[in-house]
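Positions are given from 1, in the same order as the sequence printed here. Everything quoted here is computed from the prediction, not taken from an experiment.
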Amino acid sequence: MYVYSARQIRERLQLFQEAFSSPASTVCFAVKSNSSLAILRLLAQSGAGFDIVSGGELERVRRADKAALKRVVFSGAGKQVWEIDAALKAGILLFNVESEAELELLARRAEAAGVRARFALRVNPDVFADTHPYISTGLREHKFGIDIGLARAIYRKAAKSKWLEPAGVSVHIGSQIRTVDPFAAAVKRVADLVLELRRDGHSIHYLDAGGGLGIDYNDRLDRPHFDAAKKVRDYSAAVLRATAGLDAHLLLEPGRFVVAQAGALLTRVLFVKQNGAKTFVITDAAMNDLIRPALYQAHHEILPVVRRGKSQAVVDVVGPVCESGDFFARDREMQRSAPGDLLALLDAGAYGMAQSSNYNTRTRPAEVLVEGDKARLIRRRETLKDLLAGEIL
Ligand code: LLP
């Protein structure tokens, strides 16, 4: 099961909200990082907006808190007609448009709905961010955004449509970025573009700086050194410096930073087995529950829930899925475990449950939210009946 701390989620959101309190800004939580309804509601009630990438995520925001729909920005390179229509009807804040073709479609759908669509172009600033190649997005070779050099011409053309309202510019250069310099460089390019667009006569009010601020997955619970408040301060200082004097409404889209360290995946040890020189700890969780190690070679700290003595062992922690990529840790020194032990995989609150699947016909875990001294089930464990419900024989 996944377990989350409500307090930490609120605290992290608040760090962002306070760091960006002046000039006015909206922190739009990236729903893709953790889309559980109870967590979205908690964030909405703390004043968060939301960054969505699908009609499904829009529906989640609606169910979590209708009042938050007006604080939604809609990103994503492949929006479909029904998704655009639903977002127009919901009256979201901003469409982050990623291609000319999408902009043309947005204009047609806005006309059909009889409303004007506020949009920002997501520009590709051609800035390198040092992170895993699968989650880096800000270079020209990536599929994301529109070449920043082409933006002015596209805004000029869009301004002629009475169904489109050029309202902002957005950027997102990638995820799990650990230094602030790439953010500063990207936002500076966007801020310069905002000035040019205003000179061209567009009233650009929003600057969406995207998400991407990284955490420290190597941080140890017993020896913590990660200072979240300082991280956010450094990040906001860099973004605010790059936008100084612009008088724009900033939008931020953090996901990981808000929820990753607030969540752990609890798993039980099934067997411990020796293959030659190697020891494998086989757990009941697998890559279908948390795919980050398999997909991005990501590191997650693993702690025994009950500490028993000091006996250590070097082990691979692996799941039952039939792939060698199904591991949580390799050659990790940790407390010797025995069948029945509970282990906690830390920093699993972001891109954990949200990226889970039913691979190997495995049902997905339950989720629990801890508030003070109370723990509340926010998603029951999936059953085989749920899993097979949609299939037709
Ligand atoms: N905004 C946009 C447009 C994004 O594409 C993303 C993440 C975010 C905001 C939030 O980024 P964050 O603050 O969470 O870094 N599954 C990967 C991460 C994929 C990130 C995709 N886009 C992982 O587990 O590391």
Query raised in the report: Given Phe327 and Val317, is the side chain to side chain contact (heavy atoms under 4.5 Å, CB included) satisfied, shown in steps?
Result: CA-CA 6 Å; Phe327 61 87; Val317 181; over 6 Å; no

Are side-chain heavy atoms of [X] and [Y] found at a separation under 4.5 Å?
{"X": "Arg60", "Y": "Leu37", "result": "yes"}
{"X": "Phe95", "Y": "Ile84", "result": "yes"}
{"X": "Leu13", "Y": "Val27", "result": "yes"}
{"X": "Asp147", "Y": "Asn124", "result": "no"}
{"X": "Leu270", "Y": "Pro339", "result": "no"}
{"X": "Asn275", "Y": "Phe280", "result": "yes"}
{"X": "Pro365", "Y": "Met353", "result": "yes"}
{"X": "Ile302", "Y": "Met334", "result": "yes"}

Test your reading of the model: is there a side-chain donor-acceptor pair from [X] to the backbone of [Y], 3.5 Å cut-off?
{"X": "Glu83", "Y": "Gln80", "value": "yes"}
{"X": "His205", "Y": "Ala167", "value": "no"}
{"X": "Glu98", "Y": "Leu121", "value": "no"}
{"X": "Ser356", "Y": "Gly352", "value": "no"}
{"X": "Arg268", "Y": "Gly340", "value": "yes"}
{"X": "Glu111", "Y": "Ala107", "value": "no"}
{"X": "Gln335", "Y": "Gln312", "value": "no"}
{"X": "Arg118", "Y": "Leu94", "value": "no"}
{"X": "Asp284", "Y": "Thr267", "value": "no"}
{"X": "Ser36", "Y": "Ile39", "value": "no"}

Report task. Show the numbers, then the answer: is there a salt bridge (Lys or Arg N to Asp or Glu O under 4.0 Å) between Arg308 and Asp341? Result -> CA-CA 10 Å; Arg308 280 190 266 98; Asp341 283 359; 2.2 Å; yes

Query raised in the report: Parallel, tilted or perpendicular: which fits the ring planes of Phe20 and Tyr235, with parallel below 30° and perpendicular above 60°?
Result: perpendicular

Requested in this report: Fit a plane to each ring of His132 and Tyr134, take the angle between them on a 0 to 90° scale, and name the class: parallel (under 30°), tilted (30 to 60°) or perpendicular (over 60°).
Outcome: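 Perpendicular: the ring planes of His132 and Tyr134 meet at over 60°.
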
Looking only at side-chain N and O atoms, does [Y] offer a donor or acceptor that is under 3.5 Å from a partner on [X]?
{"X": "Asn96", "Y": "Asp208", "value": "yes"}
{"X": "Gln176", "Y": "Thr131", "value": "no"}
{"X": "Asn288", "Y": "Ser357", "value": "no"}
{"X": "His172", "Y": "Ser75", "value": "no"}

When rounded to the nearest 0.5 angstrom, what distance separates [atom1] in [X] from [atom2] in [Y]?
{"X": "Leu342", "Y": "Met1", "atom1": "CG", "atom2": "CE", "answer": "9.0 Å"}
{"X": "Ser175", "Y": "Glu253", "atom1": "OG", "atom2": "CD", "answer": "11.5 Å"}
{"X": "Ile52", "Y": "Glu59", "atom1": "CD1", "atom2": "CD", "answer": "10.5 Å"}
{"X": "Arg256", "Y": "Ile177", "atom1": "CZ", "atom2": "CD1", "answer": "9.5 Å"}
{"X": "Leu346", "Y": "His299", "atom1": "CG", "atom2": "NE2", "answer": "9.0 Å"}
{"X": "Arg233", "Y": "Glu18", "atom1": "CZ", "atom2": "CD", "answer": "11.0 Å"}

Could you tell me whether [X] sits above the aromatic face of [Y], with NZ or CZ closer than 6.0 angstrom to the six-membered ring centre and within 45 degrees of the axis?
{"X": "Lys79", "Y": "Phe74", "result": "yes"}
{"X": "Arg12", "Y": "Phe257", "result": "yes"}
{"X": "Arg292", "Y": "Tyr217", "result": "yes"}
{"X": "Arg152", "Y": "Tyr155", "result": "no"}

Are [X] and [Y] connected in the hydrophobic side-chain network, where two residues link if heavy atoms are under 4.5 Å apart?
{"X": "Leu195", "Y": "Leu150", "result": "yes"}
{"X": "Phe128", "Y": "Val187", "result": "no"}
{"X": "Val171", "Y": "Leu193", "result": "yes"}
{"X": "Leu197", "Y": "Leu246", "result": "yes"}
{"X": "Leu43", "Y": "Tyr351", "result": "no"}

Taking all heavy atoms of [X] and all of [Y], pick out the closest pair and write down the distance.
{"X": "Ser25", "Y": "Leu252", "answer": "CB-CD2, 4.3 Å"}
{"X": "Phe183", "Y": "Leu213", "answer": "CZ-N, 3.7 Å"}
{"X": "Ala286", "Y": "Pro320", "answer": "CB-CD, 3.6 Å"}
{"X": "Glu382", "Y": "Asn358", "answer": "OE1-ND2, 2.9 Å"}
{"X": "Cys28", "Y": "Leu251", "answer": "SG-CD2, 4.3 Å"}
{"X": "Ala48", "Y": "Phe50", "answer": "O-CE1, 3.8 Å"}

So does [X] pair up with [Y], basic N to acidic O under 4.0 Å?
{"X": "Glu371", "Y": "Arg10", "result": "yes"}
{"X": "Asp85", "Y": "Lys89", "result": "no"}
{"X": "Lys157", "Y": "Glu100", "result": "yes"}
{"X": "Lys231", "Y": "Asp216", "result": "no"}
{"X": "Asp386", "Y": "Arg380", "result": "yes"}

Requested in this report: Evaluate the criterion side chain to side chain contact (heavy atoms under 4.5 Å, CB included) for residue pair Leu42 and Ile9; output intermediate values, then yes/no.
Outcome: CA-CA 8 Å; Leu42 178 162; Ile9 295 172; 3.7 Å; yes

[atom1] of [X]: more than 12 outside heavy atoms within 6.0 angstrom?
{"X": "Asn218", "atom1": "CG", "answer": "yes"}
{"X": "Lys278", "atom1": "NZ", "answer": "yes"}
{"X": "Arg63", "atom1": "CZ", "answer": "no"}

Query - side chain to side chain contact (heavy atoms under 4.5 Å, CB included) evaluation trace for Asp65 with Leu40 - result: CA-CA 8 Å; Asp65 184 355; Leu40 299 183; over 6 Å; no

Query raised in the report: After noting the C-alpha distance and the side-chain angles of Val73 and Ser170, does the key distance pass the side chain to side chain contact (heavy atoms under 4.5 Å, CB included) rule?
Result: CA-CA 10 Å; Val73 299; Ser170 85; over 6 Å; no

